[in-house]
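Each remark here refers to the structure printed beneath this line.
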Amino acid sequence: MKLTKARAAVTAALLAATLAGCGVAGAVTGASVDDSSTTTNATATPGATVEAVLAANQESHADTDDGSYDASGAVTVTLSGSTATASGDGVTVEDSTVTISAPGTYVLTGTLAGQVVVDSSVEGTVQLVLDDAHITSSTGPAVSVTAADEVVVVLADGSTNTLEDGSGYGDGEGEPNAALYSAADLTIAGTGSLTVTGNSNDGIGSQDGLVILSGTVTVTAVDDAVRGKDYVRVEGGTLTAKAGGDALTSDNAEEGDRGYVAVLGGTVELTAGDDGIQAATDAVIGGGTTTISATGDGIHGDVSATVGGGTTTVRKSAEGLEGKVVTVSGGTLDITSSDDAVNATDGSSSGGGGGGGGGGMSAQDGVSVTISGGTVIVDAEGDGLDSNGSMSITGGTVVVSGPTGNGNGALDTNGGLTVSGGTVLAAGSSGMAEAPSTDSEQGWLSATFDSGYAEGTVVQVVNDGEVIASFTASKTFSSVVFSSSAITSGESYEIWVDGTPSGTAVGGLALGGSTDGGTKLGTVTADVSSGGQGGGRP
């Protein structure tokens, strides 16, 4: 049963600090804003957990035991060329179309050059067990559910199954448009394998909810690979999706508790001509291992983008993680982007980008980035962490290898950045560099350099001879921001280069090392900025 749940609804002191003898200066502070968030159809809460986001959305229709079935009571449908035979009731065969018209369990085996249609007006679940079933249609979907209460596709143990559709169909509104198409809630489970090829539009598509519980599923489609109008949930198994459009998508923007995509378990590998994950409302990563290679955004939620668990690697993207409200509370997130790696925006042109609040850019209402836990590693050609509203870091480990060009910054907000916990290292160009606000609860250091340092350079933060942090740069940088519990406001710290890191490195950051063989550049005072917004020099 589907259940609908209601959705939840600076001033900076400008002080000078220079690194003696090398032109290193402190960076800037920004202004705090109210980070509540509302949209026409849905709202998002800054810092919300994965559990809270899911609780505010339509509940999954699937049960965890959907992969089991009673073979003794099943109807066996033997596919043979352009026809088929059935061992029981509920199945008719006309020409090359096999029609299932009643709830029950149907075991499909063999090869069919035609189509399987589920058209059941009777309440109850239709279970399609694919047991070495190979279905190819030249005119439409290989499997088309035109009417049913709910459909479960079970991949039988040890089985290999293929579905492939025709081309040039499904362009009309509401028409079947996927190789595996369902007008009803659809679940995929079992331990076998399924390969789906969508030659016309989508690979797997549901007009209601779509849940993948288990199995090995490979989807290739000219448009979207896996689409559920109300939601897509991947909770287990292995999913490989290659799409000309979006790899995983949900597009119900009319109902606020629907239109979400959630990866909660399993192994997911996505390749997309557009976005890796695209949600009309919320994009959620709560577990599993996800790898994305996308021409568009890696993970995009029109309302929110939330990461709370699992291991997620965005190998290629325009913008890596994007939403109006962006939250990272757990897991490991590693992003490579040609534009902003993490970006919070309401999608309007107001607020713009750039300058860490400088240049007259105003903060967008209800837009925020919150990082409270987990590990975030980004390599961005645009901004590293970007919010057109506010940004708050309260925990976790954040390492940013930011842009080399001065038109972007490793950190960039229109409404200010506060740090109250965690470990943060951000390196990049200095033209639009930004530092945390002076009202941050945790101490921070910011240094900009007269000239850039090359890839491979080790820059270190040192206090009384102890190396607090060693960062090995993966690209040219001329600005560094560091914050951790080891930094005390008002104290002076030395900046060194070319020393030796020690300890386990995360994104190039190690919390230890030696200055042997290195060079001291000078000193910088914690929580002191150089004046101006956007990291400009005094």
Side-chain angles (χ1 to χ4, degrees), residues 1-9 34-64 185 187 206-213 226-235 248-265 275 277-288 290 297 299-310 312 321-331 333 342-347 364-374 387 389-390 392 394:
M1 180 173 60
K2 291 182 281 189
L3 301 175
T4 300
K5 296 186 176 182
R7 283 183 164 268
D34 178 11
D35 58 1
S36 61
S37 174
T38 58
T39 65
T40 302
N41 296 312
T43 61
T45 302
T49 63
V50 167
E51 293 76 14
V53 173
L54 293 178
N57 278 289
Q58 185 183 30
E59 190 171 298
S60 171
H61 66 270
D63 294 322
T64 56
D185 285 328
T187 303
S206 169
Q207 290 300 313
D208 284 339
L210 171 58
V211 178
I212 298 176
L213 292 178
V226 178
R227 183 177 65 84
K229 183 175 179 63
D230 288 346
Y231 54 85
V232 174
R233 296 170 65 111
V234 180
E235 301 187 13
L248 296 183
T249 185
S250 181
D251 57 4
N252 188 341
E254 289 73 40
E255 297 172 272
D257 66 336
R258 305 181 189 187
Y260 72 94
V261 177
V263 176
L264 306 175
D275 296 344
I277 295 175
Q278 162 61 37
T281 56
D282 304 316
V284 181
I285 305 289
T290 303
D297 295 343
I299 303 167
H300 183 104
D302 289 356
V303 175
S304 75
T306 304
V307 177
T312 304
L321 178 67
E322 184 175 59
K324 182 177 181 182
V325 173
V326 177
T327 301
V328 180
S329 60
L333 179 63
V342 174
N343 185 42
T345 177
D346 66 7
Q364 293 175 345
D365 185 35
V367 172
S368 67
V369 171
T370 302
I371 300 175
S372 60
S387 176
S390 66
S392 173
T394 65

Between Thr64 and Leu213, does the side chain to side chain contact (heavy atoms under 4.5 Å, CB included) criterion hold? Intermediate values first, please. CA-CA 7 Å; Thr64 56; Leu213 292 178; 5.6 Å; no
Side chain proximity check, Tyr231 to Glu59, heavy atoms < 4.5 angstrom: no
CG on Asp230 to OG on Ser206, rounded to 0.5 Å: 7.5 Å
Counting C-beta onward and ignoring hydrogens, is there a side-chain heavy-atom pair between Val226 and Leu210 closer than 4.5 Å? yes
Side chains of Val211 and Glu235: closer than 4.5 Å at any heavy-atom pair? yes
Strictly distance-based, threshold 3.5 Å: is any side-chain N or O of Gln58 a donor or acceptor partner for the main-chain N or O of Arg258? no
Do you know which two heavy atoms are closest between Val342 and Val326, and how far apart they sit? CG1-CG1, 3.8 Å
Could you report the tightest heavy-atom contact between Leu321 and Ala305, atom names first, then the distance? CD1-CB, 3.6 Å
Atom CG of Asp297 and atom CD of Glu322: how far apart are they, to the nearest 0.5 Å? 4.5 Å
Would you confirm whether Ser250, through its side chain, and Gly228, through its main-chain N or O, come within 3.5 Å as a donor-acceptor pair? yes
Determine, for Asp251 against Arg227, whether the closest basic-nitrogen to carboxylate-oxygen distance falls under 4.0 angstrom. yes
Determine whether a donor-acceptor pair (N or O, by modelled atom type, separation under 3.5 Å) exists between the side chain of Asp185 and the backbone of Gly209. yes
Test Val234 against Leu264 for side chain to side chain contact (heavy atoms under 4.5 Å, CB included), laying out the working first. CA-CA 6 Å; Val234 180; Leu264 306 175; over 6 Å; no
Taking all non-hydrogen atoms of both residues into account, name the closest pair between Ile299 and Ile285 and its distance. CD1-CG1, 4.2 Å
Taking all heavy atoms of Ala283 and all of Ile277, pick out the closest pair and write down the distance. CB-CG2, 4.2 Å
So, Thr49 side chain and Ala52 main chain: donor-acceptor pair closer than 3.5 Å or not? yes
In sequence, state the C-alpha distance, the side-chain angles, and the governing distance for Gln278 and Asp302, and then conclude on side chain to side chain contact (heavy atoms under 4.5 Å, CB included). CA-CA 8 Å; Gln278 162 61 37; Asp302 289 356; 3.4 Å; yes
Give the intermediate values and the outcome of side chain to side chain contact (heavy atoms under 4.5 Å, CB included) for residues Lys229 and Glu254. CA-CA 11 Å; Lys229 183 175 179 63; Glu254 289 73 40; 4.3 Å; yes
I'd like to know if the side chain of Asn252 reaches the main chain of Glu255, judged simply by a donor and an acceptor atom lying under 3.5 Å from each other, with no hydrogens or angles considered. yes
Nearest heavy-atom approach of Ala344 to Ser368 is CB-O, 3.4 Å
What is the distance from atom CG of Asn343 to atom OG of Ser387, rounded to the nearest 0.5 Å? 8.0 Å
Any side-chain heavy atom of Val328 within less than 4.5 Å of one from Val369? no
Any side-chain heavy atom of Asp282 within less than 4.5 Å of one from Asn57? yes
Contact check, side chains of Tyr260 and Val53, non-hydrogen atoms, under 4.5 Å: no
Would you confirm whether Thr281, through its side chain, and Gly259, through its main-chain N or O, come within 3.5 Å as a donor-acceptor pair? yes
Answer yes or no: is there a donor N or O on one side and an acceptor on the other, between the side chain of Thr306 and the main chain of Thr327, under 3.5 Å? no
